[in-house]
Amino acid sequence: MNQKLTIALTKGRILKETLPLLRAAGLSPVEDIDMSRKLLFETEHPDIRLVILRGSDVPTYVRHGAADLGVVGKDMLLEFGADGLYEPLDLGIARCRLMTAGFPDREPVQGRIRVASKFVHVAQSHYASRGVQAEIIKLYGAMELAPLMDLADEIVDVVDTGNTLRANGMAPLEHIADISTRLIVNKAAMRTRHGVIEGAIAAISDAIGSGETR
Ligand code: PRP
């Protein structure tokens, strides 16, 4: 049983924006994550280590207690649920929006609308809440391709600048949720390892407020 506190980080754009926060919080990895194929990293804090995961796996690791804390997009929490997790901090990074999107001049769909997304639960409940019958088609990436290839009428995806949609002739349609990156904590660990977890949360919280992250 490893006694170090483990923080699960989301790789990619979120990781890039998380590292300056960790640096300001005194939790920098001791080696360059980008230069390594390793997935587990010690930090300058002797009791805290980092693990690098896909965003969709971060809530799972934290829910099961394999990691104590996690840094993950709100989109993943909406899709995979937040049972067993506290969400004490909005890190305010990697901000974007979950939207439906499609061709702005498309003819109205007769019958069930086909929607491609990796956010199947979010999509399901969005269309259900509007009383729209939808067939949700699960994809793992490049959602924008689905309407172009007539696999789907619309997509549900995160939109930041809107450039990807525009480049493919599409536009955002309906707003589902504002997204940013959150710090999550395993509820049981919050009780059993309260001191060190509270310390880490406070250090990250101060780092958000300090502006020393650029
Ligand atoms: C996301 C999303 C869009 C794009 C939106 O993909 O799926 O493709 O970013 O950003 P924009 O509005 O600024 O163009 P990302 O690059 O995060 O990779 P992913 O497909 O792995 O999610």
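Start at 1 and go down the list; that is how both ligands and their atoms are numbered.
- Scored by the side-chain hydrogen bond (donor to acceptor under 3.5 Å, both in side chains) test, Ser125 finds no partners at all (sequence neighbours excluded).
- The main-chain N or O of Ile14 is found under 3.5 Å from a side-chain atom of Thr18 such that the two form a donor-acceptor pair.
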Between ligand 1 and the protein, find all N/O pairs closer than 3.5 Å and give the distance for each.
residue, atom, partner, partner atom, Å
ligand 1, 7 (O), Asp157, OD1, 3.2
ligand 1, 7 (O), Asp157, OD2, 2.8
ligand 1, 8 (O), Glu144, OE2, 2.8
ligand 1, 12 (O), Asp160, N, 2.8
ligand 1, 12 (O), Thr161, N, 3.1
ligand 1, 12 (O), Gly162, N, 2.7
ligand 1, 13 (O), Thr161, N, 2.8
ligand 1, 13 (O), Thr161, OG1, 2.5
ligand 1, 14 (O), Thr164, N, 2.9
ligand 1, 14 (O), Thr164, OG1, 2.4
ligand 1, 22 (O), Lys118, NZ, 2.9

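- In terms of heavy-atom proximity, Met190 sits nearest to Val185 at SD-CG1, 3.9 Å.
- Here side-chain hydrogen bond (donor to acceptor under 3.5 Å, both in side chains) pairs that include residues 91-113, with residues two or more places apart or in two chains, are Arg106-Glu154.
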Problem set entry | Derivation and outcome, salt bridge (Lys or Arg N to Asp or Glu O under 4.0 Å), residues Asp34 and Lys16 | CA-CA 10 Å; Asp34 288 337; Lys16 220 174 251 169; over 6 Å; no
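- Pairs passing the salt bridge (charged side-chain N to carboxylate O under 4.0 Å, His left out) check and including a residue from residues 136-147, sequence neighbours excluded, do not occur.
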